[in-house]
Amino acid sequence: FAVALNYGIYKQDLPAPEEKPRIVVFVDMGHSAFQVSACAFNKSKLKVVLGTAFDPFLGGRNFDGKLVDYFCAEIKAKYKLDPKTKVRALLRLYQECEKLKKLMSSNSTDIPLNIECFMNDTDVSGKMNRSQFEELCADLLQRIEMPLLSLMEQTQLKVEDVTAVEIVFPAVKERIAKFFGRDVSTTLNADEAIARGCALQCAILSPAFKVREFSVTDATPFPISLLWNTEAEDTEGVHEVFSRNHAAPFSKVLTFYRKGPFELEAFYSDPNGVPYPESRIGRYVIQNVAAQKDGEKSKVKVKVRINTHGIFSVSTASMVEPVKSEDSEDVGVETEVECQDQRPVENSSDKNIQQENSEAGTQSQVQTDGQQTSQSPPSSEPPSEENKIPDVKKTNEKKGDQPPEAKKPKIKVKNVELPIEANLVWQLGKDLLNMYIETEGKMIMQDKLEKERNDAKNAVEEYVYEFRDKLSGPYEKFVCEKDLQGFSALLTETEGWLYEEGEDEAKQVYVDKLQDLKKLGTPIEMRYQEAEERPKLLEELGHRLRYYATIAGEFRNKDEKYIHIDEMEMMKVEKCVSEVVEWMNNAVSAQAKKSLDQDPAVHSSEIKAKLQELNNVCDPVVTQPKPKVDSPKEENPLNERNDYKTEDMGEDDKNSEMPQQNGECHPSDENTISMDLD
């Protein structure tokens, strides 16, 4: 289905909906199963109901097994080694044989097989070509034709009707091409065809994505039947509601006549053809069914459905009750004619619904629209009302145990929804299912522990390689010759242990081994890091000391920037600077007497602590803000806009000292003053 969707949704040259569809056969051989399906394509439409066939026990692993058996015998005869006695060697052989098989799909010449250090440090080799491989797998290749024949028989197609054959896995294309008498196509990418198809189907189902409109009709691979008890003793009714390759999604409405609750049992019609241990699907009890007021049997409509995922269910059930004529105006009341086509409200995907009738009594068959159903898939279109009404009348005439109804102008009826009790049959028992869940949890925990073990092992291996490289590089100056030789020997010894006795040890063993290495490696690494960081920190500390000493000197010189600082506080700064300078000089002197391969006299953490202490004491003092000074009284804004100062003077002086602009002006002359301001 996924491959067909991936193929059709991108095709632009498909025939129009009214034209004859293009028949394409898809062949896929996976790791463990062989599948073949015939699909009909029209533009924006895919119908996967033509037929499907498969061999669930024929896959790539069977061909791999043939190669493994061949090379096991050859290695045993040639090298006196038996790969089947050692799991690791057998797995390596399987991997190489799978690669060899893929190479032979596109090459007819001899392909070599070479495995180094296969067992007991022995290299093995061999060769195989395509013709030898086909002879070796002759019995498997014969099984390929059986599903192909089954498909053609199901679909009633001739080889000439097939437009194209698409192969997802090309290893068996010659046999398939011979069967269909045409060249097969390999336009689909084997690595992503199924994954892309699944992603497209997810996007179609999801409301979050907008996908190009493409109608898809799937097929039901296994026929499904219903079984029920009739009111006559020792009789049962059985009907195959969904035949093999029936269209899906699809819904059917079955009509029963009952006086009380009844039970339906769903099961797969062909237990031998179902790859499940249990052929039963479940039991469904239709509850709250009661006889009519006159004692007659009630008409019960049951809707069965197989959804787009191929899951069967009894979705709804309703009982048809007659209503008196005076109640004809009530909501929910319908005519008898409408009731013939009555079906529950369905999902948007319920495109196909078919009505079926089952009379209670001794008859065991189910009738479809008054006629017995055949094994052919039903029409995807629901029958029209015009065709249904006479068919129902014919059915009633044929029934001997029910008299024909007189033609009534209108009988009002209403539908009452009935509860359904579903008792599904699980393919696995509860105890077995719980055991599997518990086993799965143990496997998850085992995988987690194995990952942690591998991480611990990889950490040791990484430490060995990384430290050995650095000992001959940046760490060389920071370790004495004696320690260098001893540590290098330990690293080499640990490397050999990892690939021999320590290849499959517990996690704690690797953790302990890493700790032993770090006892020697960490001091070397620490000395290197100290030598890198210490000069930078000392330079930063010296810079801060000079900065605070400069401020203290400016304070003593009565610099206006620091005159506001209290003298006692500035003395604390001077004292702290003096102490840190003394400590720094002693630290530098002590470190100068140490060689690089000795532990440092002063550590970076100590320098950082002194730097922090210096900043904590000095910063609050030297960063004190100056006290605020009261601002002078705001001057007249008129004065701010003139380029002269106004001085206190008498009125006469003002008149005589007033600057003359644009002729004579007088303070009382408002027009002149305004002109000056402009």
Side-chain angles (χ1 to χ4, degrees), residues 27-35 55-144 167-176 186 189-192 194 439 443 446-447 449-451 453-455 457-458 461 495-506:
V27 182
D28 179 27
M29 178 171 286
H31 179 66
S32 60
F34 176 64
Q35 307 168 35
D55 185 340
F57 307 108
L58 176 64
R61 66 179 179 184
N62 299 93
F63 293 89
D64 295 344
K66 291 285 187 180
L67 287 173
V68 169
D69 292 340
Y70 172 82
F71 282 110
C72 277
E74 184 176 293
I75 291 171
K76 192 172 183 179
K78 189 175 179 180
Y79 299 97
K80 308 301 180 183
L81 300 173
D82 188 1
K84 293 184 178 181
T85 60
K86 196 169 183 180
V87 177
R88 188 180 298 274
L90 189 61
L91 289 175
R92 289 187 63 191
L93 184 58
Y94 262 102
Q95 293 174 352
E96 294 300 325
C97 286
E98 185 179 2
K99 296 177 184 177
L100 182 67
K101 178 188 67 177
K102 293 178 179 179
L103 289 173
M104 285 190 292
S105 297
S106 56
N107 296 278
S108 58
T109 58
D110 288 344
I111 307 296
L113 175 79
N114 298 304
I115 308 177
E116 296 181 355
C117 299
F118 182 62
M119 287 178 67
N120 302 333
D121 293 332
T122 303
D123 300 340
V124 298
S125 62
K127 62 181 180 179
M128 174 74 68
N129 57 48
R130 189 192 297 176
S131 60
Q132 288 178 282
F133 180 55
E134 291 176 353
E135 291 177 8
L136 200 63
C137 304
D139 57 328
L140 298 178
L141 294 173
Q142 289 178 357
R143 291 170 58 184
I144 291 174
I167 294 184
V168 180
F169 182 72
V172 292
K173 60 183 179 181
E174 290 185 4
R175 185 61 62 99
I176 297 169
T186 54
N189 188 324
D191 294 328
E192 64 180 35
I194 296 176
T439 304
M443 293 171 66
Q446 186 178 357
D447 288 345
L449 295 175
E450 180 65 18
K451 181 181 182 300
R453 191 189 72 85
N454 285 329
D455 290 344
K457 179 182 177 181
N458 292 336
E461 185 179 33
E495 181 186 12
W497 174 83
L498 278 173
Y499 299 116
E500 293 177 2
E501 305 91 49
E503 186 175 8
D504 194 17
E505 292 289 343

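All values below come from the heavy atoms of this structure, side chains included, with hydrogens, waters and symmetry mates left out. Quick note: residue numbers are just sequence positions, from 1.
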Only distances under 3.5 Å count here; give the side-chain donor-acceptor pairs of residues 86-97 to other protein atoms, sequence neighbours excluded, each with its distance to 0.1 Å.
from : atom 1 : to   : atom 2 : distance (Å)
R92  : NH1    : E116 : O      : 3.3
R92  : NH1    : C117 : O      : 3.0
R92  : NH2    : E116 : O      : 3.0

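- Under the 3.5 Å distance criterion, the side-chain polar atoms of N454 are left unmatched by any main-chain donor or acceptor of K451.
- Residues satisfying the side-chain hydrogen bond (donor to acceptor under 3.5 Å, both in side chains) test with R130, not counting sequence neighbours, are E174.
- Separation of atoms CG (D55) and CZ (F34) is listed at 8.0 Å; rounding is to 0.5 Å.
- Residues K457 and E503 meet the side-chain proximity criterion, which asks for heavy atoms closer than 4.5 Å.
- Residues passing the side-chain hydrogen bond (donor to acceptor under 3.5 Å, both in side chains) test with T122: none are found, sequence neighbours excluded.
- To the nearest 0.5 Å, the span separating NZ on K99 from CE on M104 amounts to 14.0 Å.
- Residues passing the side-chain hydrogen bond (donor to acceptor under 3.5 Å, both in side chains) test with E461, sequence neighbours excluded: Y499.
- F63 contributes atom CZ, which lies 5.0 Å from atom CG of L140 (distance to the nearest 0.5 angstrom).
- Remark: D447 pairs with no residue by the side-chain hydrogen bond (donor to acceptor under 3.5 Å, both in side chains) rule, at least two apart or across chains.
- Between the CG atom of D110 and the CE atom of M128 there is a distance of 9.5 Å, given to the nearest 0.5 Å.
- Side-chain atoms of E74 and L113, non-hydrogen and from C-beta on, never get closer than 4.5 Å to each other.
- A 4.5 Å side-chain heavy-atom check between V124 and F71 finds every atom pair outside the cut-off.
- A 4.5 Å side-chain heavy-atom check between D504 and R453 finds at least one atom pair inside the cut-off.
- When all heavy atoms of L100 and P112 are compared, the pair lying nearest together is CD1-O, 4.0 Å.
- The shortest heavy-atom contact between G59 and M29 is CA-CG, 3.9 Å.
- Proximity of D69 to K84: side-chain heavy atoms (C-beta onward) are separated by under 4.5 Å at one or more points.
- Environment of CD in Q446: sparse, with no more than 12 heavy atoms of neighbouring residues, nucleotides or ligands closer than 6.0 Å.
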Which atom pairs, one a donor and one an acceptor, fall under 3.5 Å between side chains of residues 132-139 and the rest of the protein, sequence neighbours left out?
from : atom 1 : to   : atom 2 : distance (Å)
Q132 : OE1    : N129 : N      : 3.3
Q132 : OE1    : N129 : ND2    : 3.2
D139 : OD2    : K66  : NZ     : 3.3

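- Contact of the D123 side chain with the Y79 side chain is not registered, since no non-hydrogen atoms from C-beta on lie closer than 4.5 Å.
- Here the straight-line distance linking atom CG of L498 with atom CD of E505 works out to 10.0 Å at 0.5 Å rounding.
- For the pair M119/T85, a side-chain contact is recorded, criterion being any heavy-atom separation below 4.5 Å from C-beta on.
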